[in-house]
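Right, one structure below, let's go through it.
Bear in mind that the values here come from a model prediction, so they are computed numbers and not experimental data. These numbers come from the heavy atoms of this one structure, side chains and all, not from hydrogens, waters or symmetry mates.
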Amino acid sequence: MLVHSDAAAVARFGRVFGHETCVRLIDELSAGEASVSDLCTRLGLDQPRVSSHLALLREAGLVGVETHGRQRVYSLNGPSPALTLSTLRTLAASVAPADETAHRTVRDDAPVRLARTCYDHLAGLAGVRMLDTFLGRGWLEARGERAFELTAAGESALEREGVDVRAARHARRAFAIGCPDWTERRYHMGGALGSATLAALLRSGRARIQPGSRVVTVGEVSWMA
């Protein structure tokens with residue numbers, strides 16, 4: 001019954017992301033809060049259409065609204081909506097020829113190579129460097145070629161940085177695994193811990209997904225120094 005409930009919830013969100021206008025609104029709101037009139041101007045759409053799609057996003061719990069005087073200002077409810085959209089963009093891009101795309105991206109040293117989302121975790125040079133740092137500091141230990149285990153020191157360090165390690169351990173997925181990086185030809189950290197780590201960076205403002213892309217702007221983070 002729980003699996004069926006999860007499937008229904010996922011399908012409900014899928015219907016919201018199936019609206020192009022909802023996708024464009026999430027992109028715009030990922031840059032900061034905005035009023036309906038602001039959004040209409042940016043998107044070149046009429047007010048009824050923008051308002052109806054904002055209502056869909058609010059009903060799904062993806063967007064919140066506050067009243068400032070006579071204006072209603074909308075904002076995303078945390079980093080999850082933008083992160084979900086980045087995941088969908090990763091899926092959409094996966095149909096491109098990987099070798100050709102990777103070669104061109106590395107050759108041009110494109111921003112997407114430096115730091116990007118890979119589904120719900122961090123990839124690119126930043127993601128590879130983060131995994132190297134975790135291993136070098138003894139926060140992670142290898143358990144075979146691709147599996148990793150978090151040490152007691154690593155758990156304490158990441159929890160101090162706002163990473164929800166407890167929730168990651170209870171997630172119904174691999175905890176910490178090496179995910180092949182398509183530009184660097186090495187592993188970055190995937191799994192529930194990779195997801196929780198990126199979520200912590202987004203919540204704290206040390207990382208931000210650029211609207212309309214999978215590129216991640218990363219600020220001062222010692223893990224990638």
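- Under the salt bridge (Lys or Arg N to Asp or Glu O under 4.0 Å) criterion, Arg12 pairs with no residue at all, not counting sequence neighbours.
- Shown here are the ring-ring contact (aromatic ring centres under 6.0 Å, His included) partners of Phe134, two or more places apart in sequence or in another chain: Trp139, Trp223.
- Residues Val216 and Arg208 fail the side-chain proximity criterion, which asks for heavy atoms closer than 4.5 Å.
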Quick one: side chains of residues 30-41, donor-acceptor pairs under 3.5 Å with protein atoms, not counting sequence neighbours, listed by atom name and distance.
{"residue": "Ser30", "atom": "OG", "partner": "Asp27", "partner atom": "O", "Å": "2.6"}
{"residue": "Ser35", "atom": "OG", "partner": "Ser37", "partner atom": "OG", "Å": "3.0"}
{"residue": "Ser35", "atom": "OG", "partner": "Asp38", "partner atom": "N", "Å": "3.2"}
{"residue": "Ser35", "atom": "OG", "partner": "Asp38", "partner atom": "OD2", "Å": "3.1"}
{"residue": "Asp38", "atom": "OD2", "partner": "Ser35", "partner atom": "N", "Å": "3.4"}
{"residue": "Thr41", "atom": "OG1", "partner": "Ser37", "partner atom": "O", "Å": "3.0"}

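- A distance of 6.0 Å separates OG1 in Thr183 from CZ in Arg113, rounded to the nearest 0.5 Å.
- When the side-chain hydrogen bond (donor to acceptor under 3.5 Å, both in side chains) test is applied to Arg186, the partners found at least two apart in sequence or on another chain are Asp132.
- With sequence neighbours left out, the side-chain hydrogen bond (donor to acceptor under 3.5 Å, both in side chains) criterion links Gln71 to no other residue.
- Each ring pair (Phe, Tyr, Trp, His ring centres under 6.0 Å) pair with one or both residues in residues 69-90, not counting sequence neighbours, would appear here, but there are none.
- Residues Leu54 and Val65 are not in side-chain contact: their nearest non-hydrogen atoms beyond the backbone lie 4.5 Å or more apart.
- The salt bridge (Lys or Arg N to Asp or Glu O under 4.0 Å) test applied to Glu159 returns no partner, not counting sequence neighbours.
- At a threshold of 4.0 Å, the pair Glu28-Arg42 counts as salt-bridged, since one of the basic side-chain nitrogens sits closer than that to a carboxylate oxygen.
- Judged by distance alone, the side chain of Arg203 and the main-chain N or O of Gly162 form a donor-acceptor pair under 3.5 Å.
- Applying the ring pair (Phe, Tyr, Trp, His ring centres under 6.0 Å) definition to pairs two or more places apart or across chains, none involves residues 193-213.
- Judged as a salt bridge (Lys or Arg N to Asp or Glu O under 4.0 Å), and not counting sequence neighbours, the contacts of Arg206 are Glu161.
- A salt bridge links Arg169 to Glu155: at least one charged side-chain nitrogen sits closer than 4.0 Å to a carboxylate oxygen.
- With sequence neighbours excluded, no residue forms a salt bridge (Lys or Arg N to Asp or Glu O under 4.0 Å) with Arg15.
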Would Asp181 and Arg116 count as a salt bridge (Lys or Arg N to Asp or Glu O under 4.0 Å) here? Give the steps. CA-CA 11 Å; Asp181 197 282; Arg116 64 181 180 274; 2.9 Å; yes

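- When every heavy atom of Asp164 is checked against every heavy atom of Ala196, the shortest pair comes out as O-CB, 4.1 Å.
- Judged as a ring pair (Phe, Tyr, Trp, His ring centres under 6.0 Å), the pairs with a partner in residues 188-208 (not counting sequence neighbours) are, in order, His121-His188.
- Pairs passing the side-chain hydrogen bond (donor to acceptor under 3.5 Å, both in side chains) check and including a residue from residues 49-66, sequence neighbours excluded, read Thr21-Arg49, Gln47-Ser51, Glu66-His68.
- Leu125 is listed as a side-chain neighbour of Glu184, based on a closest heavy-atom distance under 4.5 Å.
- Summarising the geometry, atom CG belonging to Asn77 is positioned 10.0 Å from atom CG belonging to Leu57; distances are rounded to the nearest 0.5 Å.
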